Amino acid sequence: MARYLITSAIPYINGIKHLGNLAGSMLPADVHARFRRLQGHEVLYICATDEHGTPAELAAAEAGVDVRAYCDEQYKIQRDACAGFKLSFDHFGRSSNPPNHKLTQHFGEVLEKHGMIEERVTKQIYSIDDKRFLPDRYVEGTCPNCGFERARGDQCDNCQTLLDPIELINPRSKISGSTNVEPRDTAHLFLKQPLMQDRIREWVDKSTEWPPLARSIAYKWLDEGLIDRSITRDLAWGVKVTKDGKIRAGFENKVYYVWFDAPIEYIASTVEWSEAGGGDWERWWRTDKGAEDVTYVQVMGKDNVAFHTVSFPVTIMGSQEPWKLVDRLKAFNWVTWYGGKFSTSEKRGIFMDQALEILPSDYWRWYLMANAPESSDAAFTLEQFQQTINADLANVFGNFVNRITRFAASKFDSEVPNGGTPGAHEEKLANEFAERLAALTQCHEQMEFRKAAAELRAIWVAGNEYLQVAAPWTALKTDRDAAAVGVRTGLNACAVFAILAQPFIPDAAKIVLDALGVPEANRNWPKPDDKGVWDALPRGHKFTPPDVLFKKIEDEQVAELAVRFGGGGAA
RNA sequence: GGGCCCGUAGCUCAAUGGUUAGAGCCGGCCGCUCAUAACGGUCUGGUUACAGGUUCGAGUCCUGUCGGGCCUACCA
């Protein structure tokens, strides 16, 4: 038995997440957590909302509520949506909660103690009408290079030139549109990342289990050379900057940068879990206090990779304290929606709450994992969704369960039949199963979700192939024992197929296992060489055939959804 | 601008430089009748974006062209 600490990138508080966010971080992390638990390992799956930063303040202002009240409300919405998708977090915390303030301040102070911090004065654009400093992206103006009038402070979308907001001609606030803006001096703390450059590179060199995408992004940053990085901002909402436990002089109106405190929330959320009665958090995070045998797995979208392979490790290593670093990192590309990206700000695509109104979570979970954006961006289309669900879940798996349980109910009195001896058909099924189970297990261990789904599907298909040749309905006419073997094998197949389906489609799997009366203790991940799975259900055991597991998605429903969500055209 | 990735069947995707480039879906045909008109078998489908090059051998490596995407540290 091993120990797995699993975190998925924490979703930003600003609005409910779309299916692309779900598919690229929380859902695969959940599938992996469920798999590792079924294997009997000790798992801690941690997530949280990322609540600080300018967008949260602006969204609250737009909603006309206090930022804390806004976050309280959004937190509940996101928490409920995650629960609706059956994400099995051990804890779903909040980066605005006290443990994160305390830990972020701790890291800030300990980094300074080790010479990793320098205070500098920089020029930032201040908007007098908005009464706030503006992040580069929130300043708009005319590009000094090409004359484009809506260039952003960080980059011109027209000519791609990287800009400093000070350079913009006729700068204005993107928030209010006000041109009443001016550069002002403001002091900030800079993290001296170059001091950790060599140690980070050595660590990345050793991290051979990361996928190519993650390593190439890390190397790119390292090759260009790490730079001193500002880790504070002029904002009201966030973690206060301290020195010796008190507000740092001159930083009364500043907070830590959201990207400094957000990854620390992985640890802080574990502290929240601990405070809620979960257990000893240090055992998971401190290598001097029991975490040396923990395998730490991080799951995220590709936009997060640099922060997890470079920035956060600089914080950790720079502290010179024995914190756990990531061991295995899984990065995803994007899910696309009819050619474009899913977009929270533009409301493009399907969002988590809407999805749950339309169909049960298992449908989405299966599709998003069977088509996970692992090697490149993956297209989501309603038509593909319909085909995948109807074929894989309704026809292949759902109908398999239905056909054998109903046959057993009508011809064998809803019992697991006794009698008969397994023969060549059963041996062929068992052999193929053993081979595919080994492959499926390996796919899960390596977090190859597409391949895992394909392998699971192939196992289900093998069940249908078996029934076709064993044909207990034919055997029944001449040889009741032969039919009994077919039905018994088929029912046991239902059980083991559902056991293997648990990480992907937990609800449907539970329905099947409950209907067959499989005790919780017998739902663990089987070993490929375990022949006992084909005679695991007690003979003579009564069961109730479950209702149809998956209703097919009809063409009319696809048409309705296409209208509602703008599928096939511009959203 | 710089860097990285991708382009394979109608669709979605696979293939440590090594037999005849494979799956699923869709479509055609055959079979089965337990089942959600489900299941099984089988067939059709390819100039691997394009043009060169390296190699005994290239989807894979190199160069260029075209098309798409991502990153570029103050959105997160």
Side-chain angles (χ1 to χ4, degrees), chain A residues 9-14 50 52-56 58 122 124-125 133-139 145 152-155 159-162 164-165 174 188 193 212-213 216-217 219-221 223-224 226-230 233-234 257-259 262 301-307 310-311 333-334 336 339 341 344-345 370-371 374-381 383-384 386-388 390-396 398-411 450-451 453-454 457-458 461 463-474 476 483 486-487 490 545 547-552:
Chain A
I10 62 177
Y12 196 67
I13 194 68
N14 186 9
D50 178 14
H52 296 139
T54 306
L58 295 180
T122 61
Q124 287 291 129
I125 298 289
F133 281 94
L134 299 174
D136 293 358
R137 288 212 170 198
Y138 287 85
V139 184
N145 185 50
R152 291 196 318 265
D154 59 335
Q155 181 169 25
C159 69
Q160 307 300 313
T161 306
L162 298 180
D164 189 300
K174 196 173 178 178
H188 282 297
Q193 298 192 119
L213 177 68
S216 69
I217 290 172
Y219 279 127
K220 197 217 163 205
W221 277 41
D223 290 345
E224 289 180 356
L226 300 188
I227 59 173
D228 293 346
R229 183 167 194 240
S230 166
R233 292 290 183 275
D234 291 287
Y257 176 37
V258 61
W259 259 118
K302 59 185 168 183
D303 57 329
N304 270 258
V305 169
F307 298 99
V310 177
S311 307
N333 292 278
W334 308 127
T336 60
K341 274 208 287 189
T344 304
S345 55
N371 297 284
E374 289 181 298
S375 58
S376 62
D377 290 353
F380 182 100
T381 67
E383 295 75 15
Q384 183 88 6
Q386 176 194 28
Q387 282 177 357
T388 302
N390 290 354
D392 295 355
L393 295 187
N395 295 347
V396 174
N399 183 57
F400 175 79
V401 171
N402 195 48
R403 66 193 294 205
I404 190 62
T405 53
R406 291 199 180 276
F407 184 72
S410 67
K411 307 295 192 212
R450 265 178 190 268
K451 286 184 184 172
R457 183 186 188 285
V461 168
N464 281 312
E465 285 169 12
Y466 166 77
L467 281 187
Q468 186 70 22
V469 293
W473 45 89
T474 305
L476 189 62
V487 171
D547 291 334
V548 165
L549 281 178
F550 302 98
K551 277 168 51 178
K552 289 199 195 189

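We name chains A, B, ... by the order of the sequence lines, and we start the count at 1 in each one. Just so it is clear, the values below take in all heavy atoms, side chains as well, and ignore hydrogens, waters and symmetry mates. Not measured: the values here are computed from a predicted model.
- In this structure, A/Val461 reaches the sugar-phosphate backbone alone: every heavy-atom distance under 4.0 Å involves primed, P, OP1 or OP2 atoms, never a base.
- Side chain A/Asn402 to base B/A35: no donor-acceptor pair is found below 3.5 Å.
- A/Phe133 comes within 4.0 angstrom of nothing in the nucleic acid, heavy atoms only.
- Closest approach of A/Ala262 and A/Asp50 over heavy atoms only: CB-OD1, 3.7 Å.
- Using a 30° and 60° split on the angle between ring planes, A/Phe407 and A/Trp473 fall in the perpendicular class, above 60°.
- Counting heavy atoms from C-beta outward, A/Asn402 and A/Phe550 have side chains that stay 4.5 Å or more apart.
- Toward the 5′ end of RNA chain B lies the nearest nucleotide of A/Arg450, the other residue of the pair A/Arg450 and A/Thr122 mapping further downstream.
- Rounded to whole angstrom, the span from the CG atom of A/Asn395 across to the P atom of B/C34 amounts to 18 Å.
- Stacking is found between A/Trp473 and the pyrimidine-like six-membered ring of the B/C34 base under the 5.5 Å centre-distance and 30° plane-angle cut-offs.
- Counting non-hydrogen atoms under 4.0 angstrom, A/Val548 reaches a base of the nucleic acid.
- Side-chain contact between A/Asp377 and A/Lys302 is present, with heavy atoms from C-beta onward closer than 4.5 Å.
- In this model, the phosphate group of B/A76 is approached by a side-chain N or O of A/Tyr257 to a distance below 4.0 Å at OP1 or OP2.
- In this structure, A/Trp221 atom CH2 and B/C4 atom P are separated by 17 Å, rounded to whole Å.
- Here A/Arg229 reaches the OP1 or OP2 of B/C74: one of its side-chain N or O atoms lies under 4.0 Å away.
- For a distance-only test at 3.5 Å, the side chain of A/Glu465 fails to qualify as a donor-acceptor partner of the base of B/C39.
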Reading nucleotides 24-31 of chain B 5' to 3', which nucleotides get B (base under 4.0 Å from a protein heavy atom), which S (sugar-phosphate only), which -?
SS-----B
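- Computed from coordinates, the A/Arg403 CZ to B/A38 P distance equals 13 Å when rounded to whole Å.
- A/Lys411 is listed as a side-chain neighbour of A/Leu476, based on a closest heavy-atom distance under 4.5 Å.
- Put simply, the side chain of A/Gln124 reaches to within 4.5 Å of the side chain of A/Asp136, judged on heavy atoms.
- Taking 4.5 Å as the limit, some side-chain heavy atom of A/Ser311 sits within range of a side-chain heavy atom of A/Gln193.
- Considering only side-chain N and O atoms, A/Lys552 lies under 4.0 angstrom from the phosphate OP1 or OP2 of B/A38.
- Residue A/Leu467 is out of contact with every strand shown, counting any heavy-atom pair closer than 4.0 Å.
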